[in-house]
Amino acid sequence: MRGALWLNYRMTSALRLERKFFNRPTLQVARELLGTRLVRLEGGERTGGIIVETEAYIGEEDLGCHASAGYTPRTQVMYGPPGHAYVYFTYGMHWMLNFVVEVEGFPAAVLIRGIKPSEGIERIAARRAGRPREQWTNGPGKLCQALSINRAQNGADLCDPEAELFLECGVGIPDSCVTNSPRVGLNSVPEPWKSLPWRFAAKHETL
DNA sequence: AGCACGATTAACT
DNA sequence: GTTAATCGTGCTC
């Protein structure tokens, strides 16, 4: 019985989000990622949580998007097929997790800014040692630290059956529980890009 | 080869 | 509220 449960727990392919989920307009994907389950597999051990905050970065025209620099070694993943991870390093110390979206050739991605831990709590707690639980994964750099996400995951295919980073169907979040606001940290980005309400967050009381 | 800056965080006044 | 930490990236010379 225990063996069957354990097997079932790990064979989650039926729950996984497929590539067609990512191959859609960025704003739609960013909204619908709220409530889905982000899973990190390390040697069979799962850590993860429910996505509660995202931001959309859409094409070369979007001056807040890294793709505004065009096709470079850093941005090439965003020009590739949807359903892959775009992980980049910034401020000399932080990793940021994004998912590539839209049709191959159009550079767009969704930044994951916050999750609610739901699996592998002890591992997450250890990696975020000394901080209160509310601050374990409430920021894009924090959640990468908590789930041990770094350059090794850049370009990883989330839809590969052997993926060590992927998404599963989670809880539905109604529009009444979702807020829109400008994206964070685009201090030197010109308007209108700086103020477009391309940030999506689940209201706290929702989860 | 050198430079300015960054989709942040944590610690400080 | 302010600021240090810290290094990859893209741009200029």
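Letters A, B, ... mirror the listed sequences (proteins, then strands); counts begin at 1.
- Here the side chains of Arg16(A) and Val39(A) are not in contact, with every heavy-atom distance at 4.5 Å or above.
- Using a 4.0 Å cutoff on non-hydrogen atoms, no part of residues 97-105 of chain A comes near DNA chain C.
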Name the pairs: protein N/O against N/O of nucleotides 9-13 of chain B, kept only if under 3.5 Å.
unit_1  : atom_1 : unit_2    : atom_2 : d
dT9(B)  : OP1    : Pro140(A) : N      : 3.1
dT9(B)  : OP1    : Gly141(A) : N      : 2.8
dT9(B)  : OP1    : Lys142(A) : N      : 3.2
dT9(B)  : O4'    : His94(A)  : NE2    : 3.2
dA10(B) : OP1    : Arg128(A) : NH1    : 3.0
dA10(B) : OP1    : Arg128(A) : NH2    : 2.9
dA10(B) : OP1    : Arg131(A) : NE     : 3.3
dA10(B) : OP1    : Arg131(A) : NH2    : 3.4

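- In terms of modelled atom types and a separation under 3.5 Å, the side chain of Arg183(A) and the main chain of Ala56(A) share a donor-acceptor contact.
- Stems are defined here as 3 or more consecutive Watson-Crick or G-U wobble pairs with pairing distances under 3.5 Å; those involving DNA chain C are B:1-6 with C:7-12, B:8-12 with C:1-5.
- Using cut-offs of 30° and 60° for the angle between ring planes, the Trp95(A) and Phe89(A) rings count as tilted.
- At most 12 heavy atoms of other shown residues, nucleotides or ligands fall within 6.0 angstrom of atom NZ in Lys116(A).
- The closest side-chain donor-acceptor pair between Gln145(A) and Arg128(A) falls under 3.5 angstrom.
- Connection of Val52(A) to Val184(A) is not established within any shared hydrophobic cluster, with ILVMFWY side chains joined at heavy-atom distances below 4.5 Å, either directly or through further cluster members.
- Enclosure of atom CD in Glu191(A) by more than 12 non-hydrogen atoms of other residues, nucleotides or ligands within 6.0 angstrom is indicated.
- Whole-Å rounding puts the Ile58(A) CD1 to dA7(B) P distance at 16 Å.
- Side-chain atoms of Glu119(A) never come within 3.5 Å of backbone atoms of Gly48(A) as a donor-acceptor pair (strictly under, hydrogens ignored).
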Original post:
Does the side-chain contact (heavy atoms from CB on, under 4.5 Å) test come out yes or no for Thr36(A) and Cys169(A), once each step is laid out?
Top reply: CA-CA 5 Å; Thr36(A) 64; Cys169(A) 300; over 6 Å; no
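- When rounded to the nearest whole Å, the span between CD1 of Ile112(A) and P of dT8(B) equals 14 Å.
- Residues Val29(A) and Thr54(A) have side chains not in contact (no heavy-atom distance under 4.5 Å, counting atoms from C-beta outward).
- Looking at heavy-atom distances under 4.0 Å, Tyr91(A) makes contact with a base.
- Separation of atoms OG1 (Thr26(A)) and CD (Glu55(A)) is listed at 13.0 Å; rounding is to 0.5 Å.
- On the nucleic acid side, DNA chain C contacts chain A at distances under 4.0 Å to non-hydrogen atoms, with the end points of that region at dA5(C) to dG10(C).
- Salt-bridge check for Arg127(A) with Glu42(A): passed, with a basic side-chain N closer than 4.0 Å to an acidic carboxylate O.
- Between the side chain of Lys194(A) and the main chain of Ser188(A), no donor-acceptor pair closer than 3.5 Å is present.
- When the shell of 6.0 Å around CD of Gln28(A) is examined, it contains more than 12 heavy atoms from other residues, nucleotides or ligands.
- Between the side chain of Thr72(A) and the main chain of Thr75(A), a donor-acceptor pair closer than 3.5 Å is present.
- Near DNA chain C, meaning a heavy atom under 4.0 Å away, the residues from residues 65-86 of chain A are Thr72(A), Pro73(A), Arg74(A).
- For Arg24(A) (side chain) and Phe22(A) (main-chain N/O), no donor-acceptor pair under 3.5 Å exists by modelled atom type.
- Rounded to whole Å, the C1' atom of dG1(C) lies 23 Å from the corresponding atom of dA7(B).
- Following chains of ILVMFWY side-chain contacts shorter than 4.5 Å, one can reach Leu167(A) starting from Val171(A), so the two form part of one hydrophobic cluster.
- Listed in residue order, the members of residues 184-201 of chain A having a heavy atom less than 4.0 Å from DNA chain B are Val184(A), Gly185(A), Leu186(A), Ser188(A).
- Residues Leu165(A) and Ala85(A) come closest through the heavy atom pair CD2-CB, 4.3 Å.
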